Amino acid sequence: MAKVQNIKGMRDHLPQAMLLRQHIVATVQRVAERYGFEPLQTPVVEYAELLEGKLGDDEKLIYRFADHGDRNVALRYDQTVPLARVVAQYAGQLTLPWRRYAYGPSYRGERPARGRYREFYQFDADIVGSSSPLADAEIVALLSDALEALGFPGFTTMLNHRQVIGGIARTSGLDETAAGGVYRAIDKFDKLGVDGVNTELVRMGVNSAAADQILALVQIDGDPNAVLTELEARLAADTRAVAALANLRAIIVALDAMGVSPSRYRIAPRLARGLSYYTGLVFETSTPHWPAGSLLGGGRYDELIGQFAGRPIPTVGLAFGLDRLHDVMAELGLGPRPTTTAVAFVTIFGPEHTAASLALARALRAGGVNTLLSLETGALGKQFKEADRKGVRYVLVLGPDELTRGEVVLKDLRGGDQRSLPQAEVLAALLAAR
RNA sequence: GUAGCCGUAGCUCAAUGGUGGAGCGCCUGAUUGUGGAUCAGGAGGUUGCGGGUUCGAUCCCCGUCGGUUACCCCA
């Protein structure tokens, strides 16, 4: 017999988890559509060469194999590269700027850890074909609205710009080739602290004066405007950094005008992210209630799509990590926690009353009430028990007494009270109670 | 990729180199027109899988699969 077991890092999502996951997706989708984003779906399998050359060292994490036609294929590791392919492939059919969202699984052959899986679901939202800071701001506003709609009690989005990090490295006397390690080191600031990052920087050959300067810049924190002003002063010699800071300032001005509370974001020069294809804004949202990693992240990547399209197409976007959002919400008790989809449970009093119960169930369903029908007849106790265990709130009984009077017994399992009412009124009663 | 820890009933976990237990859950009944609470009874195990050591392995050793923690990495 085949092994009854999952592939490492791949999970089943049983009904109780799915109900919360679907709530999350529906909520985020509703917000995205509020901003006029349109849905896109692409296959999980792509030509391997499409994904190669975008990830750097992470290429070894790509799931790849030969298909039945000996094609060299791979499972997508994110939804951004497929987006780039679509934009290039359907250039004539898409009106830019294009706002699109996508929801689905991606795959990475890395070691599973808390909140990280080999098959993971993401909800992506991107604005393709605009370099306006309004696009960057809209993405940040969208994520703020979405997390608030989901009921997150406290979250903060850290904003940074790739050329601010570049400027920090350059003004500290580091060349671009050494910068990669520096980015990784400062990205660990929250985990390692000042001394830890300093040790790390020195260990990779940064002299201590430069390390001190990097650490001083990276620790700048506080009111977004004040942080920008301070960075502008300290990085004034680096023209690219100055431009980046002006860009960030334009973004937060737009955020304020869009109604995003300044308490929801910070300018964080220490935020690095992977950076492999980011060119401008980078951001990451986290909550103090979940120390292990961020809820979502994103940024501006103005060059990636151009690699496929043959002309530059500036784009900014984000990805919600569904698995992590779900884990955090489940742990914090956020969101609805239904155990089933049904609201009503129709019992069958006995074999001879089957038709009447079926007709009742049909009428409730036609009226828009999610209705579970008993598949057993008689033994009302067992039927009630099934309804109770499923978490269905209302149970309906159609016995000989009720049928004679043209009524139905409606019992609320939550409170335990029940009443008998005319059949014609049951639907309205359930709709009102819901 | 490196190192550690874990894997026993549906779930959470005990146990001993010598016939594997509990709580919760589940099933049946008390209750042939009503779930939860209570009481009584019951079912449920190749101790992840494979190999080795041993008279004998759930326990010790090796491998493997899965989970998990810290590193690495995190598009």
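Remember, it's a predicted structure, so these values are computed and weren't measured experimentally. Residue numbers begin at 1 in each chain, while the letters A, B, ... track the order of the sequences.
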Report yes if the side chains of A:Arg100 and A:Asp126 come closer than 4.5 Å at any heavy-atom pair, otherwise no.
yes

Review point. Considering only heavy atoms from C-beta outward, does the side chain of A:Val81 approach that of A:Arg76 to under 4.5 Å?
Key: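 Counting from C-beta outward, A:Val81 and A:Arg76 never come under 4.5 Å.
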
Would a distance-only check, ignoring hydrogens and angles, find a side-chain to backbone donor-acceptor pair under 3.5 Å from [X] to [Y]?
X: A:Asp412; Y: A:Gly416; result: no
X: A:Thr347; Y: A:Phe349; result: no
X: A:Asn160; Y: A:Pro269; result: yes
X: A:Asp302; Y: A:Thr315; result: yes
X: A:Arg365; Y: A:Thr371; result: yes

Starting at atom [atom1] of [X], determine the distance to atom [atom2] of [N], rounded to an integer number of angstrom.
X: A:Arg116; N: B:U68; atom1: CZ; atom2: P; answer: 12 Å
X: A:Tyr278; N: B:C74; atom1: OH; atom2: C1'; answer: 11 Å
X: A:Ile62; N: B:C74; atom1: CD1; atom2: P; answer: 14 Å
X: A:Asp388; N: B:U34; atom1: CG; atom2: P; answer: 15 Å
X: A:Asp12; N: B:G67; atom1: CG; atom2: C1'; answer: 14 Å
X: A:Tyr117; N: B:C73; atom1: OH; atom2: C1'; answer: 18 Å
X: A:Lys411; N: B:G35; atom1: NZ; atom2: P; answer: 7 Å
X: A:Phe120; N: B:C73; atom1: CZ; atom2: C1'; answer: 13 Å

| query | According to the interplanar angle, ranging from 0 to 90°, do the rings of A:Tyr301 and A:Tyr277 count as parallel (below 30°), tilted (30 to 60°) or perpendicular (above 60°)? | reply |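 Ring orientation of A:Tyr301 relative to A:Tyr277: tilted.
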
Base, sugar-phosphate or nothing for [X]? Non-hydrogen atoms, less than 4.0 Å.
X: A:Glu402; answer: base
X: A:Gln383; answer: nothing
X: A:Lys188; answer: sugar-phosphate
X: A:Asp401; answer: base
X: A:Glu386; answer: nothing
X: A:Gly299; answer: nothing
X: A:Gly297; answer: nothing
X: A:Arg393; answer: nothing

Practice task
Measure from NZ or CZ of A:Arg264 to the centre of the six-membered ring of A:Phe155, then state whether that distance is under 6.0 Å and the direction lies within 45° of the axis.
Solution key: yes

Practice item. Tell me, please, whether A:Tyr117 has A:Arg11 positioned over its six-membered ring: NZ or CZ under 6.0 Å from the ring centre and within 45 degrees of its axis? Key: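 Checked: cation-pi criterion met.
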
With a 4.0 Å cut-off, would you call A:Arg99 and A:Glu38 a salt bridge? no

Using the [atom1] atom on both, measure [N] against [M] and round to a whole Å.
N: B:C6; M: B:C74; atom1: P; value: 31 Å
N: B:U8; M: B:C49; atom1: C1'; value: 14 Å
N: B:G7; M: B:G48; atom1: P; value: 8 Å
N: B:U46; M: B:A37; atom1: C1'; value: 39 Å
N: B:U47; M: B:U58; atom1: C1'; value: 5 Å
N: B:G21; M: B:A9; atom1: P; value: 14 Å
N: B:A70; M: B:A15; atom1: P; value: 26 Å
N: B:A57; M: B:G52; atom1: P; value: 11 Å

In 5'-to-3' order, the base (B), backbone-only (S) or no-contact (-) status of each nucleotide in nucleotides 1-12 of chain B, using a 4.0 angstrom heavy-atom cut-off, is BBB---------

Could you pull out the protein-nucleic contacts involving nucleotides 37-44 of chain B (nitrogen or oxygen on both sides, under 3.5 Å)?
none

- request: Would you please indicate if the ring centroids of A:Tyr394 and A:Phe345 are separated by under 6.0 Å?
  value: no

Give a yes or no on whether the ring-centroid distance for A:Phe123 and A:Tyr101 is below 6.0 angstrom. yes

Paired runs of 3 or more consecutive Watson-Crick or G-U pairs involving RNA chain B, with both pairing distances under 3.5 Å, are B:1-7 with B:65-71, B:10-13 with B:21-24, B:26-30 with B:38-42, B:48-52 with B:60-64

>> Starting the side chain at C-beta, find the nucleotide from B:G67, B:C73, B:G33 nearest to A:Pro112.
In response: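 So the side chain of A:Pro112 is nearest to B:G67.
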
Looking only at B:U34, B:C74, B:C27, the nucleotide nearest the A:Phe384 side chain is B:U34

From the list A:Val164, A:Ile168, A:Ile165, side-chain contact (heavy atoms from CB on, under 4.5 Å) partner of A:Leu217 resolves to A:Ile168

Classify the side-chain pair A:Glu303/A:Thr279 by whether it contains a donor and acceptor separated by less than 3.5 Å. no

Inset, instruction - Check the side chains of A:Gln383 and A:Ser374 for a donor-acceptor pair under 3.5 angstrom, ignoring hydrogens and angles. - result: yes

Item checked: Nearest-0.5 Å distance, OG1 of residue A:Thr285 to CG of residue A:Leu143 ->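 That separation rounds to 4.5 Å.
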
By nearest-nucleotide position on RNA chain B, the 5'-leaning member of A:Leu413 and A:Thr80 is A:Leu413

Find which nucleotide of RNA chain B each of A:Ile7 and A:Glu200 is nearest to by heavy atoms, and output the residue with the more 5' nucleotide.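 With A:Ile7 and A:Glu200 compared, the 5'-side residue is A:Ile7.
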
Listing time: all N or O pairs from protein to nucleotides 28-31 of chain B that are below 3.5 Å?
from: B:U28; atom 1: OP1; to: A:Lys382; atom 2: NZ; distance (Å): 3.2

Residues at least two apart in sequence or cross-chain that pass salt bridge (charged side-chain N to carboxylate O under 4.0 Å, His left out) with A:Asp67, listed by chain then number, are A:Arg71

Within residues 339-348 of chain A, those residues having any heavy atom closer than 4.0 Å to RNA chain B are none

* CZ of A:Arg362: more than 12 outside heavy atoms within 6.0 angstrom? ->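 No, not enclosed.
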
